[in-house]
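Protein chains get the first letters and strands the later ones, always in sequence-line order, with residue 1 at the start of each. Computed from a predicted model, the values in this text were never measured in an experiment.
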There are 2 protein chains.
Amino acid sequence: MPKETFFNLPQEKQHRILDISLEEFYNHGYEKASISRIVETAGIAKGSFYQYFEGKEDLFGFIAQVAREKQLVYASKLLESGSDLPFFQLLEVLLKGSLAFMKENPRLSAVIEGFMKSSDATLKEIIMGESIKISDQFNQQFLAEAAAKNEIRPVLNIAFTAHALTSLSQSMVEYLRSQNIEMSSMDDQAFDEMVKEMLIFLKYGLSGPV
Amino acid sequence: MPKETFFNLPQEKQHRILDISLEEFYNHGYEKASISRIVETAGIAKGSFYQYFEGKEDLFGFIAQVAREKQLVYASKLLESGSDLPFFQLLEVLLKGSLAFMKENPRLSAVIEGFMKSSDATLKEIIMGESIKISDQFNQQFLAEAAAKNEIRPVLNIAFTAHALTSLSQSMVEYLRSQNIEMSSMDDQAFDEMVKEMLIFLKYGLSGPV
DNA sequence: TCGTCATATGACTCTATAGTCACATTGTAA
DNA sequence: TTACAATGTGACTATAGAGTCATATGACGA
């Protein structure tokens, strides 16, 4: 957690530091992200940085936390707004939402994604220990409720299925990224098709509606 | 690619260097893996290392390549041996195979996995540009053939579905890892149950057999 | 035995990092 | 205006990394 001095800073300065840090992590990944570069770009002294944060891990942890909160709030709102919808329609709303979030917060989602996947053990604990757990829990509850209402078949291993759902959501994003599709320039129709395919897959699997 | 001098080395020395390097990458990830530590542990001089390899990236690229080849050979054999089986049975064989490979080559698969997920752009090119592509292609062909034989529904976007399949396979492994289940100590029954769940999911999706 | 060529060596250079600290500046309250 | 605490500063330390290079070793053919 940042120190009090950081939160005493004018909002504008706080945001500038966080934005620049986010950009740095986005461009270089956690390991290669450089505090020296961050303070230089942000136009603050090295010493000041260490008056705001404990260190690199503290800074990153905070950015990750903010990102997770944003994402969770976003998803929860969608969930609320569509709580009356049948499962698969709600799922559609959520999938579209996760893409929309990514479109609106490209660096934020990329950094989280990137670090969910960091090979560094420490980082895995910071992020994977949180982001994936949160996503899995979210999905687990989601699945449990749907199963209770008989909207989906009773799932044998709900923890695993929830995790699979997390992975698939990510996979969707990864796929788009691998296609070198510029998120911001991607039209809604392409999004819709992707989501449609995904939904059919989730709903009927590979065998298809009988 | 390693230099000729590396391949001129006695097999035992080659293996020792590669094993120790693999261990280093496994323990520290690419970024933090240290050439200095590797040469120290392997009992060779820094200079010698640079007579064998162009540098760190070269070393890692080679290890990754060997790992991919092993994995591909393994999967191809399974594919061959079960080529007469119906799609979903073959899928079962492949999924079990990927877990078995992981069980037999824990470090190898962990390193590949870890780096498929590295946040570092260079690494993503080395690995993701290869491993994931290879896995996706493999799955794409696999799906195309099954679709041609009407064993699965015609897939709208085969590239994406192939990628989703890649992700799910990984997800299975990730899940096991996250449960802190010691791969080597895991009994075959637990494996079977995991695979069973996965297969139902792939086959029927969440809606279940109608 | 000698000469030569591939290979082995490790001290060294160069670069970059995270983090520190003695001192400077600023804002505010008396 | 003064005093004092909070905040800002950047040169500096300590550390560690990748990669180099002049020199040493050893194997092998003549």
Novice: Counting only side-chain heavy atoms from C-beta out, which of dT17(C), dT7(D), dT7(C) sits nearest to Thr5(A)?
Specialist: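 So the nucleotide nearest the side chain must be dT7(D).
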Novice: Should Arg37(B) be listed as having a side-chain N or O under 4.0 Å from OP1 or OP2 of dA16(D)?
Specialist: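 For Arg37(B), the contact criterion (side-chain N or O under 4.0 Å from OP1 or OP2 of dA16(D)) is not met.
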Novice: In whole angstrom, what separates Lys46(B)'s NZ from dA16(D)'s P?
Specialist: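 Checked: the NZ to P distance equals 13 Å.
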Novice: Looking at dT7(D), dT17(C), dA18(D), which one has an atom nearest to any side-chain atom of Tyr50(B)?
Specialist: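 Given the options dT7(D), dT17(C), dA18(D), the side chain of Tyr50(B) is closest to dA18(D).
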Novice: For the aromatic rings, using the six-membered ring if either is Trp, is the centroid distance between Phe53(B) and Phe7(B) under 6.0 Å?
Specialist: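 No.
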Novice: Kindly point out which of dT20(C), dA18(D), dT9(D) is positioned nearest to the side chain of Ala45(A)?
Specialist: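 Comparing dT20(C), dA18(D), dT9(D) against the side chain of Ala45(A), the answer is dT9(D).
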Novice: Identify whether any heavy atom of Leu9(A) sits under 4.0 Å from a base atom; if not, whether one sits that close to sugar-phosphate; answer base, sugar-phosphate or nothing.
Specialist: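 The answer is sugar-phosphate, as Leu9(A) gets under 4.0 Å only of primed atoms, P, OP1 or OP2.
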Novice: Does any donor-acceptor pair link the side chain of Gln51(A) with the base of dA6(D) at a separation under 3.5 Å?
Specialist: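 Answer is no: no donor-acceptor pair is held.
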Novice: Kindly confirm or rule out a cation-pi arrangement of Lys56(B) over Tyr30(B), judged by NZ or CZ under 6.0 Å from the six-membered ring centre and within 45° of its axis?
Specialist: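 Output yes; distance and angle both within limits.
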Novice: What's Tyr52(B) touching, base or sugar-phosphate or nothing? Going by heavy atoms closer than 4.0 Å.
Specialist: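 Result for Tyr52(B) = sugar-phosphate.
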Novice: Check the distance between dA18(C)'s P and Phe60(A)'s CZ and give it to me in whole angstrom.
Specialist: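 My rounded result for the distance is 15 Å.
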Novice: Considering just the side-chain nitrogens and oxygens of Asn8(A), establish if one lies under 4.0 Å of OP1 or OP2 belonging to dA6(D).
Specialist: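 No.
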